[in-house]
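Atoms within a ligand are numbered from 1 in the order they appear, just like the ligands themselves.
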Amino acid sequence: MRTIHLALKRPFCINSYNLKISISIGGAICPKNCTHVPILLQQVDAAMSAAKKKQSEYIIYNENLESDAQFHLEISSKLNSALEKNEFEVYYQPLIKIKTSTVYHFEALIRWQVAQGSFIPPDKFIPIAEQNNLIKGITLFVLNEICTHLLVLKQASIDACIHINLSALDLLDDCFSIQLDKLIKENRILPHQLVLEVTETAAMNDMATTKEVLRRLSRQGFLISLDDFGTGYSSLSMLLELPIKQIKIDRSFVNLMQQENNNYSIVKSLIFLAHQLNCSVVAEGVETKELADQLIYLECDYLQGYYYSKPLPIGQLLCYCQQAGN
Ligand code: C2E
Ligand code: CA
Ligand code: CA
């Protein structure tokens, strides 16, 4: 398999164009994995899909792949009806603004309860919803919940701004900005009450379309926040290309800040750089007071993490705000 990869690594010259291709190989071993040809082919297919997903050169079939595929299939079939059965809920995690403000900031995070007390984590089902074209329905559900909850907060005299996570497919949808505009007008919400969180990976899918969609949304008054900042390959160029007004430093940097000197320097430089570009900075995954103090010292604008609060359902969020206001 290595030989095949090496042979295909060099570009092909076709009509004076240098074309590079990538290849993902899946394998299964006969008779170790199976002796029945149709099943062997299914195993090879599962291994090839896993190699594609993990961007590995090749993967040989093993039983774990089977349980991954089984899980994928199970979630896919359940997802179809989850929206209709109203199985989703939106929780909110506070973002603490360091300079005092009367506006509360929260990130909306979807929850899928499949049994009493048993949740399927969003980072497991969101990618599957994206593949099955169900993500737009999910985004719309979260948006509608946010509108209802903004009203509940307003009735409790809480001025709030809510962050929503957008998926790659939302950013490729030309109608998304029109849909969003209609929704906020119907619910008497102002654009600055919604912050749209996008990841670099989502934006990279089709940079030209994403850029156009985000520019339109930014002109409409929505604030765009670059999520998981620092985990991709070209976070810095994203800052220059897209109308970004905020970066969220990924928790992998934030959490290692106290242990590794290099990470401290990276976070310090990122905060400085973002401020130079007129962007505010959120640090994700703040779990201890020491970390919070360090980030405040570095002039980070917002802190988010379990040290302050876990994501909460709307009822508990109201109690949180009432306690925080006292
Ligand atoms: P994210 O956008 O980076 O969200 C932050 C994740 O970190 C959340 O996980 C949150 O619960 C968790 N978190 C917050 N503070 C801490 C902390 O101090 N320590 C640790 N260990 N974790 C912390 P969650 O809710 O499981 O969401 C995972 C990912 O799923 C999100 O990552 C986001 O990419 C995606 N997601 C969640 N809700 C939605 C949604 O409504 N739509 C879309 N498209 N994606 C969503
Ligand atoms: Ca986020
Ligand atoms: Ca994040």
Give the atom numbers and elements of ligand 1 that come within less than 4.0 Å of a heavy atom of [X].
X: Glu287; value: 17 (C), 18 (O), 19 (N), 20 (C), 21 (N)
X: Val142; value: 41 (O)
X: Asp228; value: 3 (O)
X: Gln93; value: 14 (C), 15 (N)

(request) Taking the side chain as every heavy atom from C-beta outward, state whether Phe222 and Val195 have any pair of such atoms under 4.5 Å apart. (result)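 Phe222 vs Val195: side chains apart.
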
Do me a favour and list the nearest non-hydrogen protein atom to [atom] with residue, atom name and distance?
atom: atom 18 (O) of ligand 1; result: Tyr306 N, 2.8 Å
atom: atom 6 (C) of ligand 1; result: Arg251 NH1, 3.9 Å
atom: atom 29 (C) of ligand 1; result: Asp123 CB, 4.2 Å
atom: atom 10 (C) of ligand 1; result: Leu109 CD1, 3.9 Å
atom: atom 11 (O) of ligand 1; result: Pro311 CG, 3.5 Å
atom: atom 39 (C) of ligand 1; result: Ile110 CG2, 3.8 Å

Tell me which part of [X] gets within contact of ligand 1: side chain, backbone, both or neither, using heavy atoms under 4.0 Å.
X: Asn165; result: both
X: Glu107; result: side chain
X: Pro121; result: neither
X: Ile164; result: neither
X: Thr139; result: neither

(request) Check whether NZ of the Lys or CZ of the Arg Arg111 lies under 6.0 Å from the centre of the six-membered ring of Tyr91 and within 45 degrees of that ring's axis. (result)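 Judged by the rule, Arg111 and Tyr91 form a cation-pi pair.
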
Between ligand 1 and [X], can you find any atom pair, the residue atom being a heavy atom, that is separated by under 4.0 Å?
X: Glu284; answer: yes
X: Lys248; answer: no
X: Gln304; answer: no

Would you tell me whether [X] and [Y] have side-chain atoms, one donor and one acceptor, within less than 3.5 Å of each other?
X: Asp228; Y: Thr199; result: no
X: Asp250; Y: Thr231; result: no
X: His105; Y: Gln304; result: no
X: Gln193; Y: Asp159; result: no

(message) Please state which option from Ser309, Ala202, Pro122 has its nearest heavy atom closest to atom 28 (C) of ligand 1.
(response)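 Comparing heavy atoms across Ser309, Ala202, Pro122, the nearest one to atom 28 (C) of ligand 1 lies in Pro122.
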
(message) Using ring centroids (six-membered ring only for Trp), state whether His163 and Phe106 fall under 6.0 Å.
(response)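 Centroid distance Phe106-His163: not below 6.0 Å, so no.
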
(request) Measure from the ring center of Phe125 to the ring center of Phe88 and say whether it is less than 6.0 Å. (result)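 Yes, the ring centres sit under 6.0 Å apart.
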
(request) Can you measure from OG (Ser280) to NZ (Lys97) and round to the nearest 0.5 angstrom? (result)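 Answer for the OG-NZ pair, Ser280 versus Lys97, is 8.0 Å.
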
(request) Please report the shortest heavy-atom distance between Ile128 and Ser76, naming the atom on each side. (result)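 Taking every non-hydrogen atom into account, CG2-OG, 3.4 Å.
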
(message) If you compare all heavy atoms of Asp301 against all heavy atoms of His275, which two are closest, and at what distance to 0.1 Å?
(response)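 Nearest heavy atoms, Asp301 then His275: OD2-NE2, 2.8 Å.
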
(request) Return the orientation label for the Tyr92 and His149 ring planes: parallel under 30°, perpendicular over 60°, tilted otherwise. (result)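 Ring orientation, 0 to 90° scale: perpendicular.
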
(message) Please determine whether residues Leu166 and Leu242 belong to a single hydrophobic cluster, defined as Ile, Leu, Val, Met, Phe, Trp and Tyr linked transitively by side-chain heavy-atom distances below 4.5 Å.
(response)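 Yes, same cluster.
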
(message) Determine whether Lys136 and Asp170 satisfy the following criterion, salt bridge (Lys or Arg N to Asp or Glu O under 4.0 Å), listing intermediate values before the conclusion.
(response) CA-CA 7 Å; Lys136 286 189 191 169; Asp170 298 316; over 6 Å; no

(message) Any salt bridge linking Lys78 with Glu87? Criterion: basic side-chain nitrogen under 4.0 Å from a carboxylate oxygen.
(response)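 Answer for the salt bridge query: no.
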
(message) Counting neighbours of CD on Glu186 that are heavy atoms of other residues, nucleotides or ligands and sit closer than 6.0 Å, is the number greater than 12?
(response)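 Buried by this count: over 12 neighbours within 6.0 Å.
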
(request) Could you tell me whether atom 32 (O) of ligand 1 has a protein heavy atom closer than 4.0 Å? (result)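 So far as the 4.0 Å threshold goes, atom 32 (O) of ligand 1 is out of reach of every protein heavy atom.
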
(request) Please check if a non-hydrogen protein atom sits closer than 4.0 Å to atom 2 (O) of ligand 1. (result)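 Yes.
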
(message) Side chain or backbone, does Asp227 bring an N or O within less than 3.5 Å of an N or O on ligand 1?
(response)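 Yes, Asp227 has an N/O under 3.5 Å of an N/O on ligand 1.
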
(message) Taking Pro31's backbone N and O only, do any of them form a donor-acceptor pair with Thr35's side chain (distance below 3.5 Å, no angle check)?
(response)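 Pair absent, no side-chain N/O of Thr35 close to backbone of Pro31.
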
(request) Check the Ca ion (ligand 2) and write out every protein N, O or S atom at under 3.0 Å, as residue and atom. (result)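 Protein N, O or S atoms closer than 3.0 Å to the Ca ion (ligand 2): Glu107 OE2, Asn165 OD1, Glu197 OE1, Asp227 OD2.
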
